[in-house]
Amino acid sequence: MPENARFSCLTIEVGMKTNIIELKGISKYFHDHPILQDIDLEVKNREFLTILGPSGCGKTTLLRLISGFETPSSGTILMNGQDVSGLPPHLRHVNTVFQSYALFPHMDAFDNVAFGLRCQHVPKDEIKDRVFRVLKMVKLDNFANRKPHQLSGGQQQRIAIARAVVNKPLVLLLDEPLSSLDFRLRKTMQMELKQLQAELGITFILVTHDQEEALSTADRVVIMNHGWIEQVGTPREVYEEPQNLHVAQFVGEVNIFNTKVLKIDEQHLHVEIEGKEFTLKNTKKFTNEQKLYTLLRPEDLEVWGYNEVEDHENMYPATVEQVIYKGSTVDLILKLKTGTKISATQFFNEDDEKLDFRPGERVWVYWRLGWEVVLADEQ
Ligand code: ATP
């Protein structure tokens with residue numbers, strides 16, 4: 001009896017709303033060192049999930065546990081409702097695309113993609129059909145006879161993706177697949193991956209440490225740090241409603257203000273921020289004992305010329321320190337009277353002449369009350 005015959009293959013009929021993967025209390029240790037700690041995660045069928053986190057936080061290890069190349073130290077992994085402990089990688093209906101394309105250099109694009117199907121003794125005609133179908137999907141059907149060295153980096157990565165999807169996996173794992181591509185190609189490939197995922201109707205799990213890539217590709221984003229999950233949410237939720245300071249800082253740029261509590265009740269926070277008093281909503285039911293911070297994204301701050309406004313209530317006087325022109329926006333580094341430096345992004349608006357700020361210029365800074373996020377220190 002061949003070794004694999006001991007395992008039954010994963011059932012592959014999957015409903016639209018089923019969780020294709022469920023991680024329950026997953027921990028992983030390498031040499032007694034905790035790498036992943038008590039991970040609970042549900043991945044929905046046909047969703048595009050991105051895992052975002054700093055280098056070394058355990059993203060690749062998590063993918064390797066899902067694909068079956070590592071085994072958890074504790075916890076359970078369910079795929080399509082079945083416990084896959086002990087199920088080897090090739091029976092999990094999961095394929096992985098790596099950052100290094102790992103193509104066979106002596107084979108042309110067609111043979112690279114056909115390799116797995118030939119190993120499974122799929123009939124010749126079916127192989128031809130399936131390979132050309134996926135080459136077409138990745139827009140390389142005219143490059144079938146090219147060897148990897150005759151293809152650009154982006155084209156090689158597309159072949160690697162075609163090779164992974166030709167096996168009709170239930171889940172495609174993508175481990176930083178775009179990180180060696182240049183900025184422009186990366187942007188194009190991000191959109192192509194999204195399109196491909198919709199076309200194939202399968203689950204994609206993409207690992208990245210690029211927050212823009214995570215937000216622009218995902219249906220949901222998982223933010224990891226030090227081996228645990230900090231937050232899972234839609235791109236908008238993790239950006240606009242970060243659960244803690246780490247998520248806020250990791251996903252985009254943010255101004256963080258020390259916030260002195262003057263008075264707290266169930267509904268309101270009476271606070272002092274950079275020398276000004278405000279009444280904010282106490283939506284998270286903070287108490288007097290907590291150290292609070294107020295967070296504002298640079299694009300939430302409005303900047304006005306010194307003589308442009310008459311009513312300065314809720315406005316801070318500031319001095320422009322740096323002006324960074326970015327085409328559709330201008331980023332300003334401003335210094336408040338208290339010495340605190342903040343970042344403000346202004347969008348170009350044809351009707352607003354006041355966008356050519358100069359270093360040294362005095363301005364007023366303002367944010368619409370309610371746009372701030374107040375968080376407590378987790379220490
Ligand atoms: P990156 O973004 O840099 O690829 P990552 O978030 O994917 O990082 P992992 O590759 O999962 O992180 O590694 C997490 C931690 O586990 C690291 O400290 C790494 O050194 C350690 N690690 C990974 N694989 C092993 C292994 N086989 N043996 C020992 N330690 C390992």
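All ligand and atom numbering here is 1-based and tracks the order in the structure.
Ring centroids of F115 and F104 are separated by less than 6.0 Å, placing the two rings close together. A ring-centre distance under 6.0 Å is not found for F357 and W304. Under the 6.0 Å cut-off for aromatic ring centres, W364 and Y316 do not qualify, their centroids lying 6.0 Å or more apart.
For the pair I202/V171, no side-chain contact is recorded, criterion being any heavy-atom separation below 4.5 Å from C-beta on.
Between D331 and K326 there is a salt bridge, since a side-chain N of the basic residue sits under 4.0 Å from a carboxylate O of the acidic one.
Each of the following atoms of ligand 1 lies closer than 4.0 Å to a heavy atom of E176: 2 (O). For ligand 1 and G56, the ligand atoms under 4.0 Å from any heavy atom of the residue are 1 (P), 3 (O), 5 (P), 6 (O), 8 (O), 12 (O), 14 (C), 15 (C). Those atoms of ligand 1 that come under 4.0 Å of a heavy atom in I35, given as number and element, are 14 (C), 15 (C), 16 (O), 21 (C).
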Open item on the list: Walk me through whether E47 and T203 qualify under side chain to side chain donor-acceptor pair (under 3.5 Å).
Closed with: CA-CA 5 Å; E47 81 172 321; T203 307; over 6 Å; no
TODO: I would like to know whether E176 and T208 meet side chain to side chain donor-acceptor pair (under 3.5 Å); could you show each step before the answer?
DONE: CA-CA 5 Å; E176 309 236 10; T208 179; 5.0 Å; no
Open item on the list: D83 vs T76, test: side chain to side chain donor-acceptor pair (under 3.5 Å). Steps then yes/no.
Closed with: CA-CA 7 Å; D83 185 346; T76 317; 5.1 Å; no
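Scanning the protein heavy atoms around atom 23 (C) of ligand 1, the nearest turns out to be F30 CE1, 3.6 Å. Scanning the protein for heavy atoms near atom 11 (O) of ligand 1, the closest one is T61 OG1, 2.6 Å. The closest protein non-hydrogen atom to atom 4 (O) of ligand 1 is T60 OG1, 3.9 Å.
Checking only distances, S55 does come within under 3.5 Å of ligand 1, N or O to N or O. Polar contact with ligand 1: present for C57 (N/O pair, distance under 3.5 Å).
Not close to ligand 1: M224, with no non-hydrogen atom less than 4.0 angstrom away. The shortest heavy-atom distance from G58 to ligand 1 is under 4.0 Å.
Of the inter-residue distances, the one linking K168 atom NZ with N95 atom CG reads 13.0 Å to the nearest 0.5 angstrom.
Counting protein heavy atoms under 4.0 angstrom from atom 19 (C) of ligand 1 gives zero. Less than 4.0 angstrom separates atom 27 (N) of ligand 1 from at least one non-hydrogen atom of the protein.
Compare K59, Q99, H226 by their heavy atoms: the one nearest to atom 2 (O) of ligand 1 is in K59.
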